[in-house]
Amino acid sequence: MSQSDPRRAIPRTDALLASPALVEAAARLGRDTVRAAVTGAQERARRGEIPPAEVEAAALAALPTRASSLTPVLNATGVVVHTNLGRAPLSAAALEAVLDAAGHVDVELDLTSGARGRRGAGMLAALRAAVPDAGGALVVNNGAAALVLATTALAAGREVVVSRGEMVEIGDGFRLPDLIASTGARLREVGTTNRTHLRDYADAIGPDTGCVLKVHPSNFRVEGFVSGVGLAELATLRRPDGSPVPVVADIGSGLLRPDPLLPDEPDATTTLRAGATVVTASGDKLLGGPQAGLVLGDADVVERLRRHPLARALRVDKLTVAALEATLRGPSTPVHDALHAPVDELRRRARRLADELGREVVPVEGRVGGGGAPGVPLPGWAVEVPVEAVSRLRQPTGDVPAVLARVDDGLGLVDVRCIPPDRDADLLRALREALAAPPA
Ligand SMILES: *Cc1c(COP(=O)(O)O)cnc(C)c1O
């Protein structure tokens with residue numbers, strides 16, 4: 001390298017790391033991340049791709065915007081509970097509770113006495129208040145964990161009796177038969193794919209029965225010559241010694257009370273009244289809260305689950321405790337608002353965006369999603385965009401949020417249903433950028 005080689009002018013690593021902008025970045029993103037960006041920029045200068053004077057700016061430009069690689073996305077798919085987008089977005093109340101809980105909190109402490117308190121007592125009280133028919137409540141990591149805990153505690157080494165019509169795969173690798181097998185319980189299938197009768201269950205019940213499991217086949221519907229057995233009938237089943245058989249009902253979606261918009265979607269209150277011993281459900285589907293698995297029902301059975309050693313391995317962290325209680329006690333959730341958004345309001349919002357952009361609006365059908373209510377279309381409105389804009393919306397270059405739109409029949413569709421109305425201005429900026437870009 002000669003004396004006049006411009007590469008000699010490349011700033012040294014420690015000098016760069018001491019620059020105010022990079023010190024600030026290191027405080028936000030971590031020193032290793034910043035050092036990697038600096039090294040990368042120095043490399044580019046050595047290769048002659050950038051002048052030495054631009055190394056600092058190049059390092060800054062190469063830094064990620066946030067410490068986590070998760071990128072916030074505006075959900076313009078019209079799918080309310082979108083599993084790939086993290087299911088339910090939290091309400092403002094839940095978000096605030098999560099921020100409070102991120103520091104030290106009294107999650108297992110009684111501040112009055114200074115003694116140890118019951119973990120998540122406020123959250124469990126909120127759950128019991130929301131479902132007064134449940135004598136007991138327990139919260140674990142997710143719906144699958146709730147089911148694993150229930151079948152392990154009630155039937156490990158024994159039999160779980162399930163209708164063949166309910167041997168479902170929910171998605172996300174959730175296959176009921178595999179899940180039950182993993183608990184050490186034996187699956188006892190009864191009936192046929194389309195029809196199961198009470199006598200099928202009765203014939204299968206014996207001294208070795210741990211529980212009966214009723215699963216809501218949430219992501220498909222069987223029509224035609226179909227019959228199943230209701231919970232009221234299942235609740236009458238007895239072992240040969242006359243003891244009742246616990247009936248576990250996996251309702252999935254986490255509705256706590258009926259929703260007139262979703263008449264076929266089971267809810268915890270109705271399911272318990274119908275005779276289920278315990279109900280299991282997810283926290284981040286229609287309940288609109290954090291990922292969690294709810295167990296609600298008979299106080300003794302819930303207590304048995306709570307005392308099982310596995311419960312400790314499935315317990316939720318303080319952020320979930322905080323978010324779930326705030327979801328239960330707080331105002332209406334984003335999931336509820338998106339589901340129940342008045343169609344006129346959706347049209348008005350889509351129209352306003354389309355007018356700003358010189359585009360057209362189209363009527364669309366949204367979906368509940370998350371494997372719930374497959375037969376329920378949600379009429380709404382979308383802004384129509386060229387298909388090429390859809391991938392640009394996902395990967396914005398400017399200071400605009402990423403947007404997940406959908407493609408239907410050759411049209412790019414930006415459905416406003418799941419975008420909070422106070423984000424319409426951000427959505428407009430993202431659309432402007434995506435539509436302004438030259439065709440790819
Ligand atoms: C979604 C669902 C599950 C799985 O719940 P996770 O919270 O995803 O673990 C189980 N059963 C039913 C019926 C479901 O809909």
Side-chain angles (χ1 to χ4, degrees), residues 21-22 24-25 28-29 33-34 37 40-41 44 49-50 54 56-80 82-90 92 95 334 337-338 341 345-367 369 380-440:
L22 287 168
E24 187 274 329
R28 254 183 330 112
L29 302 169
T33 303
V34 173
R44 291 183 59 199
E49 291 169 22
I50 52 171
E54 280 175 25
E56 184 184 340
L60 280 167
L63 286 171
T65 7
R66 49 187 72 78
S68 158
S69 61
L70 293 178
T71 304
V73 178
L74 291 176
N75 174 9
T77 62
V79 179
V80 176
H82 199 301
T83 298
N84 303 142
L85 293 180
R87 291 195 181 158
L90 294 181
L95 192 60
D337 294 348
E345 176 69 10
L346 296 174
R347 180 167 58 177
R348 196 186 56 74
R349 288 174 54 207
R351 182 81 261 168
R352 251 192 31 211
L353 290 163
D355 285 348
E356 294 270 358
L357 298 160
R359 310 288 317 174
E360 282 308 319
V361 295
V362 280
V364 288
E365 280 191 352
R367 282 188 292 117
W381 287 85
V383 179
E384 182 262 315
V385 296
V387 175
E388 313 81 66
V390 170
S391 72
R392 287 200 294 268
L393 280 165
R394 283 199 315 269
Q395 314 162 76
T397 53
D399 171 31
V400 296
V403 177
L404 185 66
R406 72 168 200 267
V407 176
D408 197 5
D409 227 357
L411 290 184
L413 297 173
V414 176
D415 187 328
V416 295
R417 174 181 298 279
C418 308
I419 314 270
D422 66 0
R423 300 297 305 278
D424 277 359
D426 293 324
L427 177 60
L428 182 60
R429 284 195 300 131
L431 282 163
R432 280 221 165 91
E433 191 200 83
L435 292 169

Please find the pair of heavy atoms, one from [X] and one from [Y], that lie closest to each other, and give the distance.
X	Y	answer
P64	L29	O-CD1, 3.4 Å
V361	A354	CG1-CB, 3.6 Å
P334	P89	CG-O, 3.6 Å
T65	R28	O-NH1, 3.3 Å
I50	A41	CD1-O, 3.6 Å
L60	A21	CD1-CB, 3.8 Å

Using 0.5 Å steps for rounding, measure from the [atom1] atom of [X] to the [atom2] atom of [Y].
X	Y	atom1	atom2	result
T397	R392	OG1	CZ	10.0 Å
E433	L428	CD	CG	12.0 Å
L63	L22	CG	CG	6.5 Å
R348	L353	CZ	CG	10.0 Å

Considering only heavy atoms from C-beta outward, does the side chain of [X] approach that of [Y] to under 4.5 Å?
X	Y	result
V414	R359	no
V416	P421	no
L346	D415	no

Report task. Step by step, work out the side chain to side chain contact (heavy atoms under 4.5 Å, CB included) result for D426 and V400. Result -> CA-CA 7 Å; D426 293 324; V400 296; over 6 Å; no

Requested in this report: Run the numbers on D408 and R406 for side chain to side chain contact (heavy atoms under 4.5 Å, CB included), then give the verdict.
Outcome: CA-CA 6 Å; D408 197 5; R406 72 168 200 267; 4.2 Å; yes

Is it the case that the side chain of [X] and the backbone of [Y] share a donor-acceptor pair, with hydrogens and angles ignored and the cut-off at 3.5 Å?
X	Y	result
R367	V79	no
E384	L411	no
R66	P72	no
R429	D399	yes

Requested in this report: For E356, check side-chain hydrogen bond (donor to acceptor under 3.5 Å, both in side chains) against everything at least two apart and list the hits.
Outcome: R432

Query raised in the report: Do R352 and D424 sit within salt-bridge range, that is, some charged N less than 4.0 Å from a carboxylate O?
Result: no

Report summary line: The single option from L74, V73, N75 that satisfies side-chain contact (heavy atoms from CB on, under 4.5 Å) with T77 is N75

